[in-house]
Amino acid sequence: MPGYEVRHLELEVGPKPYRLRVLRDLQQFSDPDGHGARLGISSAQWSLFGQVWPAAELLALAMDSFNIEDKRILEVGCGIGLPSLVLQRRGAQVVASDIHPLAESFLAYNSAMNGLPSVHFRNMDWDAPLPSLGMFDVIIASDVMYERDHALLLAGLVERHALPVAEVVITDPGRGSGGLFTRLLHAQGFALDPPLPVVAATLPAHTPRVLHFRRTQVPRC
């Protein structure tokens, strides 16, 4: 036994069904060799990757109609990786990334459960440059700015891995870092676009915001 319990759920993104294996609840924890602790993942945070949060569902819905043509897309802090699965089903060039030691295996399992090739995955610590990851046309993430320094770290990641002409799509439940992140991306030449065309009538009132940034020219030095 792996030391944690799971459950299976079914949900729809747009008209399409998805089957997912997730952690049974937020009480699950298993770090027998201390790998998670060495990565800075506390016992309280350990289970967070293994759920499908409202912001991830919203990002997945946005990606179901997002223009993917000729775009290389990076999902940051993917967790279960529902948005990446949606993109994989659509045939996008997508790379999912997370620091959690179980994210890759859960993503591979869920890819198989939905009859998809495994989403390409890279383990990534936002603090550590990863030149081999390359550059991307689009960087996406859901509810990743839940600690004070995350806006700065995420903006640094965008600076390292976004192409000169690029987009950034973040679903943000309003934890307080959205304004700082917007200012940091503005300094990199990004402008905040109108919301993506997700049908508002299908979403509850407390739905997170979709922040869509676009940089249309090479930033000046």
Side-chain angles (χ1 to χ4, degrees), residues 13-14 55-79 81-99 103 107 119-147 149-175 177-198 208-221:
V13 178
E57 290 191 61
L58 178 58
L59 183 60
L61 183 59
M63 290 301 104
D64 191 51
S65 58
F66 190 79
N67 178 13
I68 62 172
E69 186 175 359
D70 297 325
K71 293 178 181 178
R72 189 169 185 244
I73 303 171
L74 171 67
E75 183 177 6
V76 177
C78 69
L82 178 60
S84 286
L85 291 171
V86 169
L87 290 165
Q88 182 83 325
R89 175 174 274 180
R90 296 184 62 204
Q93 303 175 62
V94 59
V95 177
S97 66
D98 203 293
I99 195 173
L107 186 59
V119 176
H120 185 62
F121 179 88
R122 294 295 300 272
N123 188 270
M124 183 165 60
D125 182 346
W126 297 4
D127 275 329
L130 188 62
S132 64
L133 184 63
M135 307 295 284
F136 293 84
D137 303 280
V138 185
I139 296 174
I140 66 173
S142 61
D143 192 9
V144 293
M145 294 184 288
Y146 50 85
E147 292 189 3
D149 61 344
H150 283 176
L152 285 165
L153 291 172
L154 184 59
L157 186 150
V158 169
E159 188 170 22
R160 292 192 299 273
H161 295 289
L163 286 163
V165 175
E167 296 171 82
V168 176
V169 182
I170 305 289
T171 50
D172 173 39
R175 297 187 187 276
S177 297
L180 173 59
F181 184 69
T182 297
R183 293 192 295 274
L184 291 168
L185 259 63
H186 180 75
Q188 295 183 33
F190 286 90
L192 184 60
D193 268 11
L196 289 167
V198 177
R209 299 177 298 163
V210 181
L211 303 177
H212 182 204
F213 302 90
R214 189 188 304 269
R215 186 168 64 196
T216 58
Q217 59 186 2
V218 178
R220 294 179 180 178
C221 298

**Q.** Exercise: identify the closest heavy-atom pair between F121 and L107
**A.** CD1-CD2, 4.1 Å
Q: To the nearest 0.5 Å, tell me how far L211 CG sits from L185 CG.
A: 10.0 Å
Q) Say you draw a straight line from CZ of F190 to OG1 of T216; how long is it, rounded to the nearest 0.5 Å? A) 10.0 Å
(Q) Are more than 12 heavy atoms, taken from residues, nucleotides or ligands other than H120, located less than 6.0 Å from that residue's NE2 atom? (A) yes
Q. For the residue pair W126 and R160, what are the closest heavy atoms and their distance?
A. O-NH2, 3.0 Å
**Q.** Stepwise side-chain contact (heavy atoms from CB on, under 4.5 Å) test for V158 and L184
**A.** CA-CA 10 Å; V158 169; L184 291 168; over 6 Å; no
**Q.** Euclidean distance, H161 NE2 relative to L163 CG, rounded to 0.5 Å
**A.** 11.5 Å
**Q.** Atom of H150, atom of V144 and distance for their closest heavy-atom approach
**A.** ND1-O, 2.9 Å
Q: First locate atom CG of L61, then atom OG1 of T171, and finally report the distance between them rounded to the nearest 0.5 Å.
A: 11.0 Å
Q.
Does S142 form a side-chain contact (heavy atoms from CB on, under 4.5 Å) with L58? I'd like the steps, not just the answer.
A. CA-CA 8 Å; S142 61; L58 178 58; over 6 Å; no
Q: Give a yes or no on whether the backbone of P164 and the side-chain of R215 come within a donor-acceptor separation of less than 3.5 Å.
A: yes
Q | Where D98 and A103 come nearest, the two heavy atoms and their spacing | A | CB-CB, 3.7 Å
Q: Provide the closest heavy-atom pair for L130 versus R122 in the form atom of the first, atom of the second, distance.
A: CD1-NH2, 3.6 Å
Q: Return the set of residues passing salt bridge (charged side-chain N to carboxylate O under 4.0 Å, His left out) with D64 (not counting sequence neighbours), or none when no residue passes.
A: K16
Q: For A55 and D143, work out which heavy atoms get closest and say how close.
A: CB-CB, 3.6 Å
Q | Contacts of E57 that satisfy salt bridge (charged side-chain N to carboxylate O under 4.0 Å, His left out) - sequence neighbours left out | A | none
Q: Run the numbers on V76 and F136 for side-chain contact (heavy atoms from CB on, under 4.5 Å), then give the verdict.
A: CA-CA 12 Å; V76 177; F136 293 84; over 6 Å; no
Q: Give, for atom CG of L152 and atom CD of E147, the distance between the pair rounded to the nearest 0.5 Å.
A: 13.0 Å
(Q) Are M124 and L157 packed together at the side-chain level, in the sense that at least one heavy-atom pair is separated by less than 4.5 angstrom? (A) yes
Q: Could you tell me the separation between the CG atom of N123 and the CG atom of L133, rounded to the nearest 0.5 Å?
A: 11.0 Å
Q) Is the side chain of R209 donor-acceptor paired with the backbone N or O of G174 at a distance under 3.5 Å, no angle test? A) no
Identify all side-chain donor-acceptor contacts of residues 82-95 below 3.5 Å with residues at least two apart in sequence or on another chain.
residue : atom : partner : partner atom : Å
S84     : OG   : E75     : OE1          : 2.6
Q88     : NE2  : P117    : O            : 2.8
Q88     : NE2  : S118    : O            : 3.3
R89     : NH1  : P17     : O            : 3.1
R90     : NH1  : M63     : O            : 2.6
R90     : NH1  : F66     : O            : 2.7
R90     : NH2  : F66     : O            : 3.0

